[in-house]
Amino acid sequence: MTGAADNEAPQSDPVMEDDGTSAGGMSSRSNSDGAGTETYSRSLFMLGHGTPVWDPIGDLERPQSSLESGVMIGDVGFMTDEGDFLCYFNVFLPPQDPIQRRCPPGFVPLHPPPKEVDIAKDLMYFPPGTALVSNAVSSSVHSSSPLDITFTVEARESAILVLPDGASREDLISTSRMSEYVQQHALDWYIYLNEEISRLPFPNGSLYIITGYDKATKWAVGTSGSKSYSRRNGPMTARYKDHKWSTMGIGAKASSPNGGYGKCAVFIRGMHVAISVPKWTASILYHQPPAIIHYFNVLSVPVTGLRAKLQSALEARSSYKKVYVKGHDMERMFHPTEVILRILLSEVDFHCRF
């Protein structure tokens with residue numbers, strides 16, 4: 001198989017796409033004007049800081065230690081349709097750690113965990129008063145204390161992130177050791193998640209492992225969709241003043257003080273993880289996907305020519321399970337790296353077969 005982490009291409013399994021910019025996730029829940037978590041992430045993605053996180057706090061019912069630490073390097077999970085990163089386990093922590101929500105059977109952490117010298121840190125990567133905006137959104141700063149900014153939106157979709165106290169950045173310097181570990185265990189992770197967590201299917205390529213993030217103690221986010229935009233009515237405006245929003249046509253929210261959580265990730269970076277088509281088919285699909293299936297439920301490549309005839313003959317002679325996965329359908333947000341994963345899987349499949 002092929003891995004794309006750290007510019008390496010080992011012949012091993014699984015496929016990992018170290019995008020350094022984004023994590024794949026599920027589609028947004030939209031408000032009445034068509035804006036939602038996907039709109040927010042898509043609009044800020046091109047800034048190149050990673051996946052923009054609409055809900056940096058996430059699940060408030062998780063253990064207090066997890067609320068205080070927030071997202072950590074080594075977390076394995078996915079972006080939910082609520083716009084937060086849901087972590088199931090961390091590859092560097094022991095299975096009995098309270099942060100570990102669902103460890104696969106026989107889980108053995110990657111040891112030793114990263115040291116301080118293994119992580120690049122910038123405690124004030126974004127200075128206080130930073131406002132990040134998507135294309136065709138302008139800002140006018142009226143005051144820095146208290147922070148007072150007016151945003152003018154002249155786009156069908158928009159996103160705004162305000163960092164009143166700035167934000168720090170941390171990134172794992174080398175992902176080589178992590179990549180080798182993931183290659184050994186990723187198939188077991190997918191089998192466990194698809195068999196044990198019946199409420200949600202985990203399609204190939206949906207798992208994401210965190211290698212970096214930008215964290216803030218205070219933030220405010222805003223987004224607008226196509227239904228709010230009208231050339232006839234002119235630009236939309238939003239005003240952020242002293243950590244409060246006043247908007248027209250823009251959905252917005254801000255972090256609350258004393259919320260019982262620590263610094264939270266406003267951007268995350270990491271690696272998508274996918275299994276080769278032969279192993280995914282043999283271990284997860286059982287060779288028998290239904291006739292109609294959503295694209296993201298089977299990250300795969302077309303089977304053509306002699307191989308198509310051979311696979312059809314083998315399936316006709318064998319008895320396979322008729323059910324793909326248990327649980328409910330789950331929409332997922334499209335991400336450009338999914339296209340890259342398809343290319344990598346095509347190359348991997350070629351090396352495995354011939």
Side-chain angles (χ1 to χ4, degrees), residues 1-27 50-51 74-80 85-89 91 104 110 175-197 200-211 268-287 289 293-303 307 311 324-325 327 330-353:
M1 310 302 173
T2 305
D6 290 344
N7 298 318
E8 298 175 3
Q11 296 301 310
S12 55
D13 184 59
V15 173
M16 289 174 292
E17 214 289 304
D18 188 350
D19 58 358
T21 59
S22 184
M26 289 175 274
S27 67
T51 297
D75 281 356
V76 177
F78 61 92
M79 288 292 291
T80 76
F85 182 79
L86 176 59
C87 171
Y88 280 111
F89 58 92
V91 299
L110 176 58
T175 60
S176 298
R177 193 165 64 96
M178 181 184 288
S179 298
E180 294 175 358
Y181 177 85
V182 173
Q183 289 166 6
Q184 295 175 13
H185 300 287
L187 179 58
D188 293 334
W189 297 347
Y190 274 113
I191 292 174
Y192 166 69
L193 292 173
N194 276 296
E195 291 184 353
E196 299 297 328
I197 304 178
L200 297 175
F202 286 83
N204 198 11
S206 61
L207 282 184
Y208 193 76
I209 184 167
I210 300 293
T211 62
I268 57 175
R269 294 172 290 279
M271 295 185 291
H272 293 277
V273 181
I275 305 300
S276 70
V277 175
K279 286 195 173 183
W280 181 263
T281 302
S283 302
I284 310 294
L285 290 184
Y286 309 103
H287 296 272
I293 190 169
H294 293 298
Y295 162 71
F296 286 105
N297 275 358
V298 52
L299 184 59
S300 183
V301 293
V303 180
R307 285 171 50 197
Q311 182 166 324
Y324 166 52
V325 287
M330 179 172 55
E331 294 182 349
R332 292 179 179 271
M333 181 178 66
F334 173 78
H335 190 278
T337 54
E338 306 293 351
V339 178
I340 299 175
L341 278 173
R342 284 177 66 90
I343 296 172
L344 292 175
L345 285 171
S346 178
E347 295 177 351
V348 165
D349 197 35
F350 177 84
H351 289 304
C352 287
R353 297 280 185 151

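Sequence positions, counted from 1, serve as the residue numbers for this chain. The figures here come from the full heavy-atom set of this structure, side chains too, leaving out hydrogens, waters and symmetry mates. Computed from a prediction, not measured in an experiment: that's the story for all the values here.
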*Asks:* Any idea how Y190 and W280 line up, ring-wise: parallel (<30°), tilted (30 to 60°), or perpendicular (>60°)?
*Replies:* perpendicular
*Asks:* Please name the pair of heavy atoms, one in S179 and one in M271, separated by the smallest distance, quoted to 0.1 Å.
*Replies:* OG-SD, 3.9 Å
*Asks:* Under 3.5 Å, is there a donor-acceptor pair between the side chain of N204 and the main chain of I275?
*Replies:* yes
*Asks:* Does any non-hydrogen side-chain atom of M79 lie less than 4.5 Å from one of I268?
*Replies:*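 Yes, at least one pair of side-chain atoms sits under 4.5 Å.
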*Asks:* Rounded to the nearest 0.5 Å, what's the gap from CD on Q184 to CG on L110? Could you check?
*Replies:*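 It comes to 9.0 Å.
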*Asks:* What's the spacing between I209 CD1 and M178 CE if we round to 0.5 Å?
*Replies:* 4.0 Å
*Asks:* Roughly how far, to the nearest 0.5 Å, is NE2 of H272 from CZ of F78?
*Replies:*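 It is 13.5 Å, given to the nearest 0.5 Å.
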*Asks:* Side-chain contact, heavy-atom cut-off 4.5 Å: V273 with V76?
*Replies:*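 Of all side-chain heavy-atom pairs linking V76 with V273, none is under 4.5 Å.
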*Asks:* Kindly compute the distance separating OG1 (T51) from CZ (F85), expressed to the nearest 0.5 Å.
*Replies:* 9.5 Å
*Asks:* State the OG1-CG distance between T211 and D75, to the nearest 0.5 angstrom.
*Replies:* 11.0 Å
*Asks:* Where do I191 and S283 come nearest, in terms of heavy atoms and distance?
*Replies:*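 Here I191 and S283 meet closest at CD1-CB, 3.9 Å.
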*Asks:* Name all residues meeting the ring pair (Phe, Tyr, Trp, His ring centres under 6.0 Å) criterion together with F89; count only those two or more places apart in sequence or in a different chain, and write none if there are none.
*Replies:*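 Result, ring pair (Phe, Tyr, Trp, His ring centres under 6.0 Å) vs F89: F107, W189.
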